[in-house]
Amino acid sequence: MKMRKAVIPVAGLGTRFLPATKTVPKELLPVVDKPLLMYNAEEIVKAGIEELVLITGRGKTAIEDFFDVSYEVEAILDQSGKSEWLKELRYLRSHLKIMSLRQGQALGLGHAVLCAEPAVGKEPFALLLGDEIMITRDGPSAIEQLVKSFESTKISTVSVMEVPNSDVSKYGIVDVKPKQDGQWQVISVVEKPSPQDAPSQLALPGRYVFAPQIFSHLRSTKPGKNGEIQLTDAMTALAKNEGLRAMTVSGQRYDAGDKLGMLIANIELALERNDIGPQLKEYLVTQLPALLERIK
Ligand code: G1P
């Protein structure tokens with residue numbers, strides 16, 4: 001069966017970016033000049049996914065507006081005929097049906113995912129956590145690599161990355177059997193373990209493809225770490241019943257979930273752009289060393 005749907009939870013408060021996120025959703029913060037969410041939408045469309053389900057909440061209506069037609073701005077840009085981003089946005093609009101459901105209360109990531117069930121139904125789906133930007137220049141997008149795996153194995157598959165032991169407490173960490181055919185079979189998943197309790201250093205960075213049975217496991221998941229309904233607890237149940245695979249995906253990863261990661265994403269992605277890349281490079285090479293010298 002073709003993977004048709006993707007879910008992105010966007011109800012989070014974005015507290016790491018306050019005060020910017022007091023009235024602007026974190027998902028619309030710009031990386032260079034495109035909102036974070038647009039990078040995720042591009043990744044989804046590249047995978048041939050046709051429907052995007054946003055799990056949204058209070059104060060986030062600007063996200064839904066973003067994908068609508070803005071007649072005034074678009075008419076002006078059409079006249080000038082010089083808008084690359086408008087072409088990109090129209091491409092996304094014409095390839096993605098976007099719907100949103102509300103997470104009335106912030107009860108955890110697992111709860112947010114469960115809120116998607118009425119729109120997803122009994123189909124497999126992709127799940128993207130929007131803090132991560134995955135750039136793949138050639139070849140399949142990050143989520144597409146998981147989709148392809150699911151389409152051949154019919155087993156839920158998640159992306160993992162190796163992190164230093166000091167970072168395991170920031171992520172969901174998987175316990176796995178030895179790798180076979182490029183994938184690990186997941187035994188269980190622990191949410192943000194301490195370094196001494198971590199079953200491995202393989203962390204979940206936020207790309208998942210799930211069979212619909214994840215919903216029934218989420219329904220019976222009790223509040224776990226921090227009193228929240230944790231997706232990772234339902235993943236353990238999924239691993240023990242229907243099975244769960246983990247694999248590394250290729251691509252350039254940016255963690256835009258905190259200030260430093262966001263700044264790095266802005267610098268590196270801006271450097272690759274034809275319009276401002278050369279000037280930024282010039283600035284970094286000629287001006288920055290002197291500044292670094294001054295603040296030493
Ligand atoms: C969430 C998940 C965690 C995952 C992480 C990736 O945590 O609960 O399992 O590894 O996203 O960013 P959060 O970062 O929202 O606290």
Side-chain angles (χ1 to χ4, degrees), residues 6-18 21 25-27 29 31 36-37 39-40 43 54-57 60 103 105-116 126-134 142-143 146 156-176 184 186-195 197-210 214 217-218 221-239 244 246-249 251 253-262 264-265:
V7 174
I8 305 186
V10 295
L13 296 175
T15 46
R16 286 179 204 154
F17 290 101
L18 281 168
T21 46
K26 174 181 75 176
E27 295 74 14
L29 293 181
V31 175
L36 258 177
L37 188 60
Y39 291 88
N40 301 143
E43 186 183 331
L54 298 168
I55 305 303
T56 178
K60 295 288 189 130
Q103 186 189 15
Q105 265 177 296
L107 299 179
L109 178 60
H111 176 256
V113 175
L114 186 54
C115 291
L127 171 69
L128 289 86
L129 305 187
D131 285 350
E132 174 177 86
I133 301 176
M134 283 297 291
I143 199 69
L146 298 179
S156 303
T157 309
V158 296
S159 118
V160 286
M161 60 176 186
E162 184 123 23
V163 296
N165 212 30
S166 52
D167 279 354
V168 290
S169 58
K170 295 183 189 162
Y171 297 97
I173 301 290
V174 291
D175 187 10
V176 289
W184 290 274
V186 176
I187 302 166
S188 61
V189 192
V190 193
E191 182 66 13
K192 306 197 178 90
S194 59
D197 295 334
S200 75
Q201 283 166 246
L202 292 173
L204 300 166
R207 293 293 182 275
Y208 316 76
V209 165
F210 287 124
I214 190 73
H217 296 303
L218 281 167
T221 297
K222 303 264 172 316
K225 184 116 189 170
N226 304 329
E228 295 181 357
I229 300 189
Q230 294 292 351
L231 176 63
T232 38
D233 290 340
M235 286 168 70
T236 295
L238 186 75
L244 179 64
M247 61 185 268
T248 49
V249 300
R253 172 179 185 267
Y254 296 102
D255 179 6
D258 63 25
K259 289 181 252 260
L260 182 61
M262 184 67 137
I264 292 170

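Bear in mind the structure is a predicted one, so any value in this text is a computation, not a measurement. For the numbers below, each heavy atom of this structure counts, side chains included, while hydrogens, waters and symmetry mates do not. Each ligand, and each atom within it, is numbered from 1 in the order the structure gives.
Residue Ile173 forms a side chain to side chain contact (heavy atoms under 4.5 Å, CB included) with just one option from Asp167, Val168, Asp197, and that option is Val168.
Legend: residues meeting side-chain contact (heavy atoms from CB on, under 4.5 Å) with Ser166, ordered by chain and number and at least two apart, are Pro164. The salt bridge (Lys or Arg N to Asp or Glu O under 4.0 Å) check on Glu43 picks up Arg207, with sequence neighbours excluded.
Between Ile133 atom CD1 and Asn40 atom CG the span is 7.5 Å, to the nearest 0.5 Å.
Residues lining ligand 1 at a heavy-atom distance below 4.0 Å are given as Leu109, Leu129, Tyr171, Gly172, Glu191, Lys192, Leu204, Pro205, Thr232, ordered by chain and residue number.
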Residues 225-239, side-chain donor-acceptor partners within the protein, below 3.5 Å, at least two apart:
| from | atom 1 | to | atom 2 | distance (Å) |
| --- | --- | --- | --- | --- |
| Lys225 | NZ | Lys192 | O | 2.9 |
| Gln230 | NE2 | Lys225 | O | 2.9 |
| Thr232 | OG1 | Glu191 | OE1 | 2.9 |
| Thr236 | OG1 | Val189 | N | 2.9 |
| Thr236 | OG1 | Val189 | O | 3.1 |
| Thr236 | OG1 | Thr232 | O | 3.3 |

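Enclosure of atom CD in Glu162 by more than 12 non-hydrogen atoms of other residues, nucleotides or ligands within 6.0 angstrom is indicated.
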